[in-house]
Protein chains: 2
Amino acid sequence: MTQNETPDIIVSRLPVYLRALRHMHAQGKHNTSSQELGEWVGVSAAQIRKDLSQFGEFGKQGTGYKIDFLIGKLSEILNIERVWDVAVVGVGDMGHAIARYQGFRDRGFRVAMLFDNDPAKIGETIGSFTVRDGAGMISAIQEAGIQIAMLCVPAAVAQAVANQLVQSGVKAILNYAPISLTVPAGVRVQYLDPSIGLQRMTYYLE
Amino acid sequence: MTQNETPDIIVSRLPVYLRALRHMHAQGKHNTSSQELGEWVGVSAAQIRKDLSQFGEFGKQGTGYKIDFLIGKLSEILNIERVWDVAVVGVGDMGHAIARYQGFRDRGFRVAMLFDNDPAKIGETIGSFTVRDGAGMISAIQEAGIQIAMLCVPAAVAQAVANQLVQSGVKAILNYAPISLTVPAGVRVQYLDPSIGLQRMTYYLE
DNA sequence: TAGATTGTTAATCGATTAACAATC
DNA sequence: TAGATTGTTAATCGATTAACAATC
C-alpha cells in the first residue's frame, strides 16, 4: 500500500528547476515551456514534464507554465514555504563564509546558530550571531528543534560531530567535510566536497 | 568504432571511492574488500566491483584489494597524478575561503591565481597570492594554460564570467554561484550551490 | 585444502525518451 | 480555426543487482 513513492532523482532536480524559474521571474518573464526551461537547466523537455507530472498538472496545453504559479508549487513540494533554521558547526574559513552567505535568504533557510570548539573562536561575532561553545551544541539544537545542520569541521572529527548532530535530532546534514558520513536511516546527507567536484572533471581533461 | 565509453555516473563515483580508500590508508589499513568499501561509501559491493571492472582488474579473489595499489590506479584513472593549477574567480567570502582551503593539497589541485573586479580587493594578499584585476583574466589564464576554474562571483555576473573563462581555454568549472551555466560542448561544470543541497533534503522533512 | 572474494554474465529494475491524443 | 504545448503511455535505453565460476 505504498503510495506516491517519488524517486529521489526527481526530487533532486526540482531545486534546479526552481532556481531557473526564479531567475526567469527576476528577469520579468511570466511564462515558460518545458522546452525553454529544459534548455536552461540542461534537461530534456520530456523529462521536465514527466518530473512535474509526479506532483500534479501545473501547465496548460498550448501555453506552457505560468512562472510564478510553478514557483509556488515547487516551493510547496520542496517544503520551503516556511523558513528553516540551520545550525552551522565549525567556524573555520568555510563556516565563516557560510555564516555570512546571503544566498539562503529567500531560499527557505536562515542560519540560526554557530558552534565551534576552539576557545579562541567561542564568543566571536559573525554577522548577527555569536559563536557558541560546541560543548552545549546537543542541548541547544535539541531545544531549538533545529533539523538542519551544515557541517564545516575538519574531516578528522566530522563523523563524531555528525553523531552528535543526529543525537540532537538533526535530520539533514549539508557536509562540507571531505569524508563520507555514516548516519542512521531517516537522516539525510548532501555532500559539497570541492575536491570531489574537481576530480569528477579531471577524468575528461588532457 | 567507439571504444570504452565509460558512463559519467561511474566516473562520478570514483572520487568518492578514492577518498574512502585514502581515509583507510591514513588509518593504517592495507587491504579492503568491495564489501567493506561499499559499506563505507554507501554503495553495494557489486557496484563497486562493476565500476572498477570498467578500468581493469585491481583485486584478487579471496583477498580483495590492496589499498595503496588501488589508490594509485584510481589516481591514474582520474588523471590526478599530476597537480592541476586552478584559478579562483571572485574573492568574496566564499572565494576567500577556497583560496585558503588546505584540502586541495594532496588531492591533485593547487590554487594558482585569484581574480576579482573590485578595486578594493585587487592587490590584496590571500595565502601566498595577490588578487589580480579581472580585466587581465583572459590573457593570464590563457598564458598559464590553466584549464580549471572555481567560480565564486555573484549569480548576476556568473554567466558572463563563465563565458570569459571558456574564452580563456578553461575546460572545467566548479561553480559556487547559484545559477545554471550554459557552456559549449567540451567544457564541464560541477555545481556546489548550498541552497540546492538543502532543498534536496527539505522535501523529506516534516 | 577450505574459505573468501573477485570479475563477469544474465536478470532485474528503473529512468529517459519518443510519440501523440487532448486541449488551451 | 490552426498552432502550440501539455500530460501520459509505451518503447527504449541504461544502470543496478544477483549469482556464480574462477581463483587466490
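Heavy atoms only: backbone and side chains are in, while hydrogens, waters and symmetry mates are out. Per chain, numbering begins at 1; letters A, B, ... match sequence-line order.
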(request) Rounded to the nearest angstrom, tell me the gap between atom CZ in Phe58(B) and atom C1' in dT8(C). (result) 15 Å

(message) Taking pairing as Watson-Crick or G-U wobble with both contacts under 3.5 Å, can you name the mate of dT23(C), or confirm there isn't one?
(response) dA4(D)

(message) What is the separation between atom CG on Asn31(A) and atom P on dC24(C), rounded to the nearest whole Å?
(response) 16 Å

(message) Expressed as a whole number of angstroms, how long is the span from Gln35(B):CD to dG7(C):C1'?
(response) 16 Å

(message) So, OP1 or OP2 of dT5(D): does either fall under 4.0 Å of a side-chain N or O from Ser33(A)?
(response) no

(request) Calculate the interatomic distance between Glu57(A) atom CD and dA21(C) atom C1'; express it in whole Å. (result) 14 Å

(request) Would you kindly compare Asp8(A) and Thr63(A) by the position of their nearest DNA chain C nucleotide and give the one closer to the 5′ end? (result) Asp8(A)

(message) Measure CD1/Ile9(B) against P/dT17(D) and give the value in whole Å, please.
(response) 11 Å

(message) Is a donor from one side chain sitting under 3.5 angstrom from an acceptor on the other, for Asp8(B) and Tyr204(A)?
(response) yes

(request) Among the candidates dT8(D), dA15(C), dT5(C), find the nucleotide nearest to the side-chain atoms of Arg49(A). (result) dT8(D)

(request) Side chain of Lys60(A) only, please: which of dT6(C), dC24(C), dT6(D) is the nearest? (result) dC24(C)

(message) Which nucleotide wins on minimum distance to the side chain of Gln61(B), given the candidates dT5(C), dA15(C), dT8(D)?
(response) dT5(C)

(request) Could you walk me through whether Gln167(A) and Asn163(A) pass the side-chain hydrogen bond (donor to acceptor under 3.5 Å, both in side chains) test, one step at a time? (result) CA-CA 6 Å; Gln167(A) 224 186 305; Asn163(A) 294 346; over 6 Å; no

(request) Check Gly72(B) against Glu81(B) and note the closest heavy-atom contact, atom names and distance. (result) O-OE2, 4.0 Å

(request) Measure from the side chain of Arg13(A), starting at C-beta and using heavy atoms only, and say which of dT23(C), dT16(C), dT8(D) lies closest. (result) dT16(C)

(request) Determine the interplanar angle of the His23(B) and Trp40(B) rings, folded into 0 to 90°, and report it as parallel if under 30°, tilted if 30 to 60°, perpendicular if over 60°. (result) parallel

(request) With a 3.5 angstrom cut-off on both distances, give the Watson-Crick or G-U wobble partner of dA10(D), or none if there isn't one. (result) dT17(C)

(request) Between Asp51(B) and Thr32(A), just flag the one whose closest nucleotide in DNA chain D comes earlier from the 5' side. (result) Thr32(A)

(request) Provide, to the nearest angstrom, the distance between the CD1 atom belonging to Ile48(A) and the C1' atom belonging to dT5(D). (result) 14 Å

(request) Can you tell me the distance, in whole Å, between the NZ atom of Lys66(A) and the C1' atom of dC24(C)? (result) 15 Å

(message) As a quick check of understanding, evaluate side-chain hydrogen bond (donor to acceptor under 3.5 Å, both in side chains) for Asp51(B) and Tyr17(B), giving each step before the final call.
(response) CA-CA 10 Å; Asp51(B) 286 354; Tyr17(B) 300 166; 2.6 Å; yes

(message) With a 4.0 Å limit, can you tell me whether Tyr65(B) has a side-chain N or O closer than that to the phosphate oxygens OP1/OP2 of dG7(C)?
(response) yes

(request) Determine, stepwise, if the pair Lys29(B) / Glu36(B) fulfils salt bridge (Lys or Arg N to Asp or Glu O under 4.0 Å). (result) CA-CA 12 Å; Lys29(B) 283 180 63 71; Glu36(B) 185 182 50; 3.1 Å; yes

(request) Identify which nucleotide among dT16(D), dT8(C), dT17(C) has an atom closest to any side-chain atom of Ala46(A), counting heavy atoms from C-beta outward. (result) dT17(C)

(request) Figure out the CD/C1' separation between Gln47(A) and dG14(C), and round it to whole Å. (result) 13 Å

(message) What's the closest nucleotide to the side chain of Lys50(B) if the choices are dA10(C), dG7(C), dA22(C)?
(response) dA10(C)

(message) At 4.0 Å (heavy atoms only), tell me whether Ile10(B) reaches a base, stays on the sugar-phosphate, or touches nothing.
(response) nothing

